[in-house]
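The following block contains the structure, expressed as structure tokens.
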Amino acid sequence: YARASKASRESLAAPPDVLLASTRLARIAFLEAKYDDARKQLDWVLARSPDEVEARALRSRIRLRLGDLNGAASDARRWSELAPRDAEPLRILGTVQLLRGDAEGSVLVLKRAVELDPSHLSSRLDLAKAYRMSGQKRLADETMREAGRLEREQRRQAEQRAEASYHRIRALKLIEQGKPAEALKSFEDALQHDPKNAEILLEAGEAARAAGDLPLSQEFLDRALSLCPEKALIRRARG
């Protein structure tokens, strides 16, 4: 954290990166459990850029940790507006309802979070807790069993991502050595383990382009874009 903090402070010297670097400093403080320091840093960022999603999300989590339920809910609502496909702000809103003693209201919000992202484990776990607190034992047990199944599946996927990461790192080293064709093979190995990783698909597309295989490059980039249509780097590479 000390090295990360030092690097972030050095990047503050570049004006275009001031808000990003300040948000990174706040995240480091959050990871070190320096919640008051992190919140002050985020207050500064959001005063200058109210729609900074990462800063808004992080401040919502910090306010929840500090017991500021009104502040956490306010940030989570704005976060949900800025990132309507993200289940986490709804989970925070549901948690706030639960902490206020409104178990039934919490169930309604957390059900929306699970519907939005069925793979969001923390929303499902909190929904099970809300069901139990609202006296709905059968639904609580069913939801907890599904959460257990989901956790096992996510653990298996994490193992696959770790294997993909090994091949990706090897590919990036080959790119640095000026060997894009060899790197491409390692990227393909990585994608065997993590086929829906848009970042690896983007890197594989760039490696294929550097190796002179433009049809393969476009195939990788088309797949990446289907996963992250909002990502400008993928559109630029495909263009």
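Computed from a prediction, not measured in an experiment: that's the story for all the values here.
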Q) Does some side-chain heavy atom of Asp37 sit less than 4.5 Å from a side-chain heavy atom of Phe30? A)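 They are not in side-chain contact.
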Q: Determine whether Phe187 and Glu206 make a side-chain contact, defined as any pair of heavy atoms from C-beta on separated by less than 4.5 Å.
A: no
Q) Below 4.0 angstrom, N of the basic side chain to O of the carboxylate: do Asp189 and Lys185 qualify? A)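 So Asp189 pairs with Lys185 through a salt bridge.
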Q) Are any side-chain N or O atoms of Ser226 and backbone N or O atoms of Arg223, one a donor and one an acceptor, separated by less than 3.5 Å? A) yes
Q) Is Leu233 isolated, or which residues cluster with it under the ILVMFWY side-chain rule of less than 4.5 Å, directly or via members? A) Leu202, Leu221, Leu225, Ile234
**Q.** Test side chain to side chain contact (heavy atoms under 4.5 Å, CB included) applied to Arg24 and Leu20, step by step
**A.** CA-CA 6 Å; Arg24 292 290 183 267; Leu20 178 60; 3.6 Å; yes
**Q.** Verdict with supporting geometry, Asp75 and Arg61, salt bridge (Lys or Arg N to Asp or Glu O under 4.0 Å)
**A.** CA-CA 9 Å; Asp75 275 339; Arg61 293 189 176 103; over 6 Å; no
(Q) Checking Gln177 against Glu182 for the side chain to side chain contact (heavy atoms under 4.5 Å, CB included) test, could you report, in this order, the C-alpha distance in whole Å, the side-chain angles of both residues, the deciding distance, and whether it holds? (A) CA-CA 10 Å; Gln177 295 167 12; Glu182 293 180 39; over 6 Å; no
Q) Within the side chain of Ser134, is there an N or O that forms a donor-acceptor pair under 3.5 Å with the backbone of Ala130? A) yes
Q. Are any non-hydrogen side-chain atoms of Leu42 and Arg39 less than 4.5 angstrom apart?
A.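 No - every pair of side-chain heavy atoms lies 4.5 Å or more apart.
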Q.
Given 3.5 Å as the limit, does a donor-acceptor pair link the side chain of Arg56 with the main chain of Pro50, or not?
A. yes
**Q.** Any side-chain heavy-atom pair of Asp86 and Ser80 under 4.5 Å
**A.**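 Answer no - side chains too far apart.
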Q: Flag the pair Cys228 / Glu230 as yes when at least one side-chain heavy-atom distance between them is below 4.5 Å, and no otherwise.
A: yes
Q. Side-chain contact, heavy-atom cut-off 4.5 Å: Pro89 with Glu81?
A. no
Q. So do the side chains of Arg124 and His120 get within less than 4.5 Å of each other, counting heavy atoms only?
A.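 No; the side chains remain at least 4.5 Å from each other.
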Q. So, Glu88 and Arg91, do they make that salt bridge, N to O below 4.0 Å?
A.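 Salt bridge flag = yes for Arg91 with Glu88.
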Q. Taking all non-hydrogen atoms of both residues, which atom of Ile175 and which atom of Ala207 are closest, and how far apart?
A. CD1-CB, 3.9 Å
Q: Applying salt bridge (Lys or Arg N to Asp or Glu O under 4.0 Å), run through Asp51 and Arg78 and close with a yes or a no.
A: CA-CA 8 Å; Asp51 292 342; Arg78 183 59 185 143; 2.7 Å; yes
Q) Quick one: do Leu58 and Val53 end up in the same hydrophobic cluster if we chain Ile, Leu, Val, Met, Phe, Trp and Tyr together by side-chain heavy atoms under 4.5 Å apart? A) no
(Q) Between Arg235 and Pro229 (side chain of the first, backbone of the second, donor and acceptor by atom type, cut-off under 3.5 Å), is there such a pair? (A)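 Yes: the side chain of Arg235 pairs with the backbone of Pro229.
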Q: Show your working on side chain to side chain contact (heavy atoms under 4.5 Å, CB included) between Leu64 and Thr95 and close with a plain yes or no.
A: CA-CA 9 Å; Leu64 188 62; Thr95 299; 4.1 Å; yes
Q. Does any non-hydrogen side-chain atom of His193 lie less than 4.5 Å from one of Glu159?
A.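 When only atoms from C-beta onward are counted, His193 and Glu159 do not touch, as no gap falls below 4.5 Å.
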Q: Let me see the working for Leu98 and Asp126 under side chain to side chain contact (heavy atoms under 4.5 Å, CB included), right down to the final yes or no.
A: CA-CA 9 Å; Leu98 202 59; Asp126 284 354; 5.7 Å; no
(Q) With a 3.5 Å distance limit and no angle check, can you tell me whether Thr143 reaches the backbone of Ala128 through a side-chain donor-acceptor pair? (A)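 No; zero donor-acceptor contacts below 3.5 Å.
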Q.
The test is side chain to side chain donor-acceptor pair (under 3.5 Å); show your working for Gln97 and Asp102 and say whether it passes.
A. CA-CA 5 Å; Gln97 292 288 87; Asp102 182 7; 3.1 Å; yes
Q: Taking all non-hydrogen atoms of both residues into account, name the closest pair between Gly94 and Ser106 and its distance.
A: O-OG, 2.8 Å
Q) Near Glu163 CD, under 6.0 Å, is it more than 12 heavy atoms from other residues, nucleotides or ligands? A)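 Count over threshold, so yes.
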Q) Hey, any chance Leu184 and Leu201 share a hydrophobic cluster, counting ILVMFWY side chains that come within less than 4.5 Å of each other, even indirectly? A) yes
Q: Using the salt bridge (Lys or Arg N to Asp or Glu O under 4.0 Å) rule, pick out the option among Asp36, Asp43, Asp68 that qualifies with Arg59.
A: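 Result for salt bridge (Lys or Arg N to Asp or Glu O under 4.0 Å) with Arg59: Asp43.
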Q) Glu203 pairs by salt bridge (Lys or Arg N to Asp or Glu O under 4.0 Å) with which of Arg170, Arg168, Arg209? A)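 With Glu203 as partner, Arg170, Arg168, Arg209 yield a single salt bridge (Lys or Arg N to Asp or Glu O under 4.0 Å), made by Arg168.
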Q) Is there a path from Leu93 to Leu116 through hydrophobic residues (I, L, V, M, F, W, Y) whose side chains come within less than 4.5 Å of each other? A) yes
**Q.** Salt-bridge present (Lys173, Glu176; N to O < 4.0 Å)
**A.** no
Q: Look at Arg156 together with Glu153 and state whether they make a salt bridge at an N to O cut-off of under 4.0 Å.
A: yes
